[in-house]
> 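Following this message is one structure expressed as structure tokens.
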Amino acid sequence: MKSLADWQALAAGLRPETGLVIDGKCVPADDGRTLPIINPANGTVVAEAACGGEREIDLAVASARAAWDDGRWRHMVPRERMAIMRRWADLVEAQAEELALLETLSMGKPITDALTIDLPEVVVTIRYFGEAIDKVSGLTTTSAHDAVHMVTHEPLGVVGAISPWNYPLLMATWKVAPALAAGNCVVLKPSELAPLSAIRLAQLFLEAGGPAGVFNVVNGTGLEAGKALALHPDLAKITFTGSTAVGKQLMGYAGQSNMKRVSLETGGKSPQIFMPDLPDLDRAVEYAVRGIFDNGGQVCNAGSRLLVHEAIAEEFTARFIAKAAELYAPGDPLDPATTLGPLVSKAHQAKVLQWIERGTAGGAVLACGGSPDPARPQGAYVLPTLFRRVAPAMAIGREEIFGPVACLLTFKSEAEAVRLANDSIYGLAASVWTSDLTTAHRMIKALEAGVVWVNCFGDGDMTQPFGGFKQSGNSRDKSLESLTGYMQSKSSWISLG
Ligand code: NAD
């Protein structure tokens with residue numbers, strides 16, 4: 001296993017590719033514009049990444065459109081496409097250390113998390129959708145005797161993907177892999193805070209034998225490149241992971257342009273319900289702690305609302321504070337022992353600290369954390385934070401903070417727990433902790449969330465559709481449901497009369 005010194009040496013020698021990937025080539029922006037990628041652990045500039053705008057989006061969409069029109073990808077024999085996806089996954093796996101390092105340097109994720117969580121999942125995602133290419137079949141229906149009715153599935157065309165910075169490569173891959181597996185051509189606009197791994201991802205696709213123009217990457221700001229992509233008239237679909245506010249804007253852009261399909265994976269404020277009969281308090285507390293402090297709480301489905309039965313609330317709180325201190329000490333994200341890195345940027349740190357001030361001012365009680373890390377003033381750190389006595393109406397208990405801030409609310413009855421859990425504009429995920437099977441099933445039915453966990457939180461694999469109810473989104477990543485979301489059905493009725 002590599003040490004901190006090994007990773008520091010690798011980081012010092014890293015010369016990341018910084019261009020836009022358009023039509024199979026890595027190119028600078030037309031006007032030479034760049035955006036700095038800042039390491040949030042210490043404020044140093046990791047690289048200057050090319051910054052595209054409307055012009056580069058036009059070029060990338062034109063390239064994807066040409067690839068779509070001549071069928072160089074969608075008409076390829078399925079087994080050949082599968083072989084390319086397999087080689088692509090193998091190359092990503094072989095380059096996992098370099099890709100993990102790019103994530104850590106760009107957005108502060110602990111290197112061990114990048115290596116053991118993000119990268120393996122990226123590889124599995126590409127393999128899963130690659131393997132699925134020839135597994136989606138159409139059907140012939142039981143129809144009139146003098147007709148044959150077939151339903152076939154076709155790719156959509158050029159798909160635009162816009163991704164966030166919290167799991168830069170993984171969130172991009174959850175979009176790009178199924179879109180490509182379905183036979184589409186793709187233009188990806190990664191987050192301008194952490195685009196370097198996506199650039200490598202596209203290069204590795206080309207190295208694996210992926211045809212030029214099929215997978216393009218244009219880094220740039222949301223307001224310029226992202227908006228230009230979402231408004232583009234030649235896109236059949238825009239697929240997005242990011243905030244609810246931007247998701248709403250994308251729906252508007254689609255309506256203003258060509259009514260392209262819009263699939264959204266957006267924000268959350270996920271409740272975890274701890275019933276008094278839960279099977280193992282220590283295990284539940286550990287999941288609660290990991291559920292909010294992993295990745296610094298910068299997780300869409302972070303378990304940020306802890307709904308704890310009043311009979312166990314005091315014991316739960318004491319164990320939570322102790323476990324958080326044991327598991328999440330801030331550190332240099334390049335140190336393999338670190339579990340809590342900085343937040344993505346100083347600007348985001350300021351936002352999270354403002355939320356904490358607001359919570360205290362509103363009357364919630366700070367049980368731990370609540371400040372930057374005094375030992376690391378140069379980094380964008382926030383200590384693991386727990387608020388007690390959070391009233392249901394308080395903004396900190398309702399809005400997505402996207403940082404290491406948990407809010408604990410108590411309840412007296414199952415009905416009250418469900419009411420509190422569902423009293424949200426979001427509905428991404430939820431969990432229930434109970435020993436009673438009937439309670440668990442009742443709650444699964446009652447909870448308004450796209451994912452419900454019982455006696456665990458955050459567990460799952462690629463077969464699990466992932467996405468939200470309500471303002472957490474309108475589609476699903478992962479699973480075959482995601483793959484078919486990048487296809488459209490065609491019904492052909494053949495008269496035999
Ligand atoms: P964000 O919405 O600020 O940005 C996401 C992407 O959208 C970035 O690439 C950004 O450049 C782009 N963008 C911004 N404004 C745009 C505009 N007007 N037009 C087009 N594109 C625009 O989100 P973020 O801060 O990068 O990520 C955090 C958010 O992502 C959180 O709300 C989190 O819950 C959400 N998220 C959701 C999921 C999920 O699966 N539901 C997964 C991860 C993150």
Side-chain angles (χ1 to χ4, degrees), residues 35 40 49 51-54 57 106-107 109 118 121 125 160-175 187-195 197-198 217-232 235 238-254 256-257 260 262-270 292 294-304 343-345 347-349 351-352 399-403 424-429 449-451 458 460 464-479 482:
L35 277 173
C51 172
E54 204 176 321
I57 288 288
S106 308
M107 55 72 66
K109 182 186 293 283
D118 297 46
E121 277 225 38
T125 302
I162 301 180
S163 55
W165 48 260
N166 61 336
Y167 292 83
L169 197 56
L170 184 60
M171 292 301 100
T173 308
W174 278 5
K175 305 296 190 194
V187 177
L188 167 68
K189 205 298 284 173
S191 166
E192 61 273 35
L193 298 182
S197 54
V217 176
V218 177
N219 177 46
T221 65
L223 269 178
E224 251 187 282
K227 184 173 175 184
L229 185 62
L231 279 170
H232 206 288
L235 244 55
I238 190 92
T239 175
F240 170 76
T241 300
S243 62
T244 293
V246 173
K248 288 178 182 178
Q249 283 178 301
L250 296 185
M251 291 181 122
Y253 298 153
Q256 286 160 39
S257 52
K260 56 180 71 64
V262 182
S263 76
L264 306 171
E265 314 294 339
T266 50
K269 190 80 179 177
S270 299
I292 181 61
D294 261 1
N295 212 35
Q298 302 163 120
V299 181
C300 52
N301 65 274
S304 50
L343 300 185
V344 66
S345 66
H348 190 53
Q349 178 200 35
K351 250 200 250 171
V352 171
E399 307 277 340
E400 184 180 49
I401 298 175
F402 221 57
S424 173
I425 61 164
Y426 298 112
L428 186 50
V451 183
Q464 172 193 45
F466 186 86
F469 283 18
K470 301 194 271 188
Q471 292 186 39
S472 287
N474 62 4
S475 78
R476 298 291 178 266
D477 280 333
K478 302 165 71 181
S479 78
S482 159

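For the single chain, residues carry numbers from 1 onward in sequence order. Counting starts at 1 for both ligands and their atoms, following the listed order.
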> What does the 4.0 Å heavy-atom contact list look like for ligand 1?
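Answer by chain and number: I162, S163, P164, W165, N166, M171, K189, P190, S191, E192, G222, L223, G226, K227, F240, T241, G242, S243, V246, Q249, L250, Y253, E265, T266, G267, C300, E400, F402, L428, F466.
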> Is there a donor-acceptor pair closer than 3.5 Å between any side-chain N or O of K189 and the backbone N or O of V218?
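Not at all, since once roles are kept as given, no pair shorter than 3.5 Å links the two residues.
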> Start with the C-alpha gap between W174 and Y167, add the side-chain angles, then the distance that decides, and say whether ring pair (Phe, Tyr, Trp, His ring centres under 6.0 Å) holds.
CA-CA 10 Å; W174 278 5; Y167 292 83; 8.0 Å; no
> Examine distances only and state if a side-chain atom of T266 and a backbone atom of S243 form a donor-acceptor pair shorter than 3.5 Å.
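Pair absent, no side-chain N/O of T266 close to backbone of S243.
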> Hey, could you give me each pair passing salt bridge (charged side-chain N to carboxylate O under 4.0 Å, His left out) that has a residue in residues 161-170? Not counting sequence neighbours.
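Qualifying pairs: none.
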> For the side chain of Q298 and the backbone of F402, is there at least one donor-acceptor N/O pair under 3.5 Å apart?
no
> Could you tell me whether the side chains of Q249 and K227 share a donor-acceptor contact shorter than 3.5 Å?
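Not at all, the side chains of Q249 and K227 share no donor-acceptor pair under 3.5 Å.
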